[in-house]
Amino acid sequence: MKTLLSLILLFLFCACETPERKSPQSENMKGKFAIAIHGGAGNLVKMKLTPEEEESYKQALDAALNKGSSILANGGTSVEAVEAAITSLEDCPLFNAGKGAVFTHDGHNDLDAAIMNGENLECGAVAGVRRIKNPISLARKVMEKSEFILLQSEGAEEFAKEQGIEWIDTSYFFTQHRWEQLQEAIEDDKTELDHSEKKKASVDKPREEKFGTVGCVALDVHGNIAAGTSTGGLTNKRYGRIGDSPLIGSGTYADNATCAVSCTGKGEDFIRLNVAHDIASMMRYAELDIQSACDSVVMKKLKDIKGRGGCIAIDQQGNIAMPFTTTGMFRGSVGINGEKKIALYEDK
Ligand code: ASP
């Protein structure tokens, strides 16, 4: 009798303690989906983008949101939507991912990407690939077709070939403005963020900065969330430097039980704090809602170490948070009510 009672108590304890990862959509969430994307954060106020340039960024964000949303509207999965939205941003030379990625010190474009499925905690990532047009698609292949999680450089490219992903010529990634950024960074002997003013930086006149990494988080009509991130990293990076984006838990994380997160900013700060996973942990253990969890990690802990950047996050109810410590973050979202928002700076 005593044993039976212990077993029942143990069962009840486990049932309470184990968060329901694959929880079915509640009645009021049936058929609902939501999506958020980012195209990097930074201290943007003084960037003086022309109205035409601002419009181009907004249009690119809008196109990526539309790609992801239409997949979700047709019953596609959050993983499919994340891949499609990020592919769209990777193909756009305005962002620091895929075409338009920044250059390393040696004049290469070393690309990193990660994707994670909140339904089952499956994830895949690649780092330092040079011949793959859409690194996010390769990351998805790693997640779905390999027994590993993070593949790097030539090994990752070899795996791509085996999976039927064609290599492309490295010249595809060249853009003049990124090349000029590298020359300026080399001149200053600095590891640079992906946007900078032409003038030399000084203490009084620090360089403008924008981290142009791209990312997406989504909730599908099946109740599952996913996250993905893709980047060229930092201009003038060397020694095979890898940032937070392809590191599960630092720049990218998804778990149905809590949230899906994609980060952008100085990767080293995000790795130190394990930002994406810490947000999920604040939801799980401190039982914070998504906005409070994001604020406690990004607006408090990240700020405390003078970390620069932000994140986008979504939960299973379609709540979206997009905090950033910089003066801007290129971002967009479609909420569960269908409302679309696109913004570049703090207020618009
Ligand atoms: N987080 C990226 C990295 O450090 C950079 C970015 O967000 O633009 O590689």
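Indexing begins at 1, ligand by ligand and atom by atom, following the structure's order.
The pair K340-D62 meets the salt-bridge criterion, since a charged nitrogen lies less than 4.0 angstrom from a carboxylate oxygen. By the 4.0 Å N-to-carboxylate-O rule, R131 lies too far from D169 to be salt-bridged with it. The residues R241 and E268 are annotated as salt-bridged, a charged nitrogen and a carboxylate oxygen being separated by less than 4.0 angstrom.
Within ligand 1, counting atoms from 1 as listed, the ones closer than 4.0 Å to a heavy atom of G212 are 8 (O). Listed by atom number, the atoms of ligand 1 under 4.0 Å from G243 heavy atoms are 9 (O). Proximity to D244 (heavy-atom distance under 4.0 Å) selects the following atoms of ligand 1: 1 (N), 2 (C), 3 (C), 4 (O). For ligand 1, the atoms sitting less than 4.0 Å from at least one non-hydrogen atom of T264 are 6 (C), 7 (O), 8 (O), numbered in the order shown with element in parentheses.
With a heavy-atom cut-off of 4.0 Å, R241 touches ligand 1 through its side chain alone.
The distance criterion of under 3.5 Å between nitrogen or oxygen atoms is met by G267 with respect to ligand 1. Ligand 1 has an N or O atom lying under 3.5 Å from an N or O atom of G265, backbone or side chain.
Contacts of E144 classified as salt bridge (charged side-chain N to carboxylate O under 4.0 Å, His left out), with partners at least two apart in sequence or in another chain: R140.
Figure legend: K99 and Y172 shown as a cation-pi pair, the cationic atom lying under 6.0 angstrom from the six-membered ring centre and within 45 degrees of its axis.
Here the side chain of T326 pairs a donor or acceptor atom with the backbone of G328 at under 3.5 angstrom.
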